[in-house]
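All residue numbers in this chain count up from 1 along the given sequence. Remember, it's 1-based here, ligands and their atoms both numbered in the order they're listed.
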Amino acid sequence: MAVNFVRPKIPKLASDPWAIQFDSEGRLRHLLTIEGLGPEWVTRILDTAENFMSVTDREVKKVPLLRGRTVVNLFFESSTRTRTTFELAAKRLSADVLNLNISTSAATKGESLLDTLRNIEAMQADMFVVRHDKSGAAHFIARHVAPHVSVLNAGDGRHAHPTQALLDVFTIRRIKGDFTPLRVAIVGDILHSRVARSQIHALNTLNTGEVRVIAPRTLLPADVEKLGVRVFHDMREGLRDVDVVIMLRLQRERMEGGLLPTEQEFFRLYGLTEEKLALARPDAIVMHPGPANRGVEIDSRVADGPQSVILQQVSNGIAVRMAVMALCMARRSEDNA
Ligand code: NCD
């Protein structure tokens, strides 16, 4: 399979706080956040993922692009879907993969993040996939790794989850095509959601017609409008005529208490039921990054219903993660050529 690695030329300001994602030649090195990627790179990643979809359909699901490279999954916070799809993506690119669940090892013994990092670097890793409960952890690691190492953010605190947002826009693009006429609603716990933040940036980067957020005031960040969204507190109003409904999990573990009435009350007001979904366009799709809490933010009949693309999101996540890994490692192959 041919993967086209011609990179888009985009002007880059030295003062850009996201410039760290690119090397001195303007090539993608780390993926930490959607901000600063611009439509060219987002589209490049989605197009590359589209190429990788055919690998996933083959009987032998492997290409040799990352043969001889070592990818280390550094998970300081638990995860199933994201970690396993990153692992599968790396394996389908023929990399060696190491899974480190730090929450149950070094960190609990008091080792500092930098020490953990130095030790893993000493094992000749080429790429770190990092999940951490503190916002900014992946940036911190990216600033401290050796020049040949790439860092992919697999979710940092409430800040960003760029590969999730990329697989979401990839899924939307495969079904709906062009973003400019679309209305997309993101519903639920926006305040604690790194997924929502990254999705909003990705959707706006791709010029989505209208991005809506639907949530109670207590679950919205201050100044959320500044991210380029239209805010609704009434779900029935917000869902009217949308093409895509993205449900979010209530992030109980990040809540300080008092933000919510009961879960039953939340479900009554903001849970997605067949009756509320009927207000969206008839061909609207329903998405959820998982893990979904049935009966809290989404009814089972909708989660398993004909408009749900939740499982497609998971499969697409493998191709999108393969694309990001391959593009970040392409600069290494270019340098060695
Ligand atoms: C999300 C996460 O961990 O940020 N899940 C995921 O990556 N699939 C969303 C969530 O936990 O609710």
Q. Which ligand 1 atoms does Pro289 reach within 4.0 Å, using its non-hydrogen atoms?
A. 8 (N)
Q) Between OG of Ser150 and CG of Leu28, what distance do you get to the nearest 0.5 Å? A) 7.5 Å
Q: Could you give me the CA-CA distance, side-chain angles and deciding distance for Arg197 and His159, then say whether side chain to side chain donor-acceptor pair (under 3.5 Å) is met?
A: CA-CA 7 Å; Arg197 238 168 289 270; His159 172 241; over 6 Å; no
Q. Is atom CD1 of Ile175 surrounded by more than 12 heavy atoms (other residues, nucleotides or ligands) closer than 6.0 Å?
A. yes
Q | Nearest-0.5 Å distance, CZ of residue Arg69 to OG of residue Ser333 | A | 5.5 Å
Q | Note: Glu334-Arg27 ion pair, threshold 4.0 Å (strictly below) | A | yes
Q) Around atom CZ of Arg118, are there more than 12 heavy atoms of other residues, nucleotides or ligands at under 6.0 Å? A) yes
Q.
Which residues pass the salt bridge (charged side-chain N to carboxylate O under 4.0 Å, His left out) test with Asp241, not counting sequence neighbours?
A. none
Q | Atom indices of ligand 1 within 4.0 angstrom of Val195 heavy atoms, with elements | A | 1 (C), 4 (O), 9 (C)
Q) Among protein heavy atoms, which sits nearest to atom 9 (C) of ligand 1, and what does the distance come to when rounded to 0.1 Å? A) Gly290 O, 3.5 Å
Q.
Tell me whether ligand 1 is touched by Gly155 - counting only heavy atoms on the residue side and a distance under 4.0 Å.
A. no
Q: Could you see which bit of Arg131 sits under 4.0 Å from ligand 1, with heavy atoms only: side chain, backbone, both or neither?
A: side chain
Q.
A cation-pi test, strictly: NZ or CZ of Arg321 under 6.0 Å from the centre of the six-membered ring of Phe86 and no more than 45 degrees from its axis. Yes or no?
A. yes
Q: Check each atom of ligand 1 against the heavy atoms of His161 and keep those under 4.0 Å away; list them by number with element.
A: 2 (C), 4 (O), 6 (C), 7 (O)
(Q) With respect to Glu77, determine whether any N or O atom, backbone or side chain, lies less than 3.5 Å from an N or O atom of ligand 1. (A) no
Q: Do me a favour and list the nearest non-hydrogen protein atom to atom 2 (C) of ligand 1 with residue, atom name and distance?
A: Arg194 NH2, 3.4 Å
Q.
What protein heavy atom lies closest to atom 11 (O) of ligand 1? Include the residue and the distance to one decimal.
A. Arg249 NH2, 3.0 Å
(Q) Taking only non-hydrogen atoms of Ser79, do any sit less than 4.0 angstrom from ligand 1? (A) no
Q) Which atoms from ligand 1 have a heavy atom of Thr82 less than 4.0 Å away? A) 6 (C), 7 (O), 8 (N)
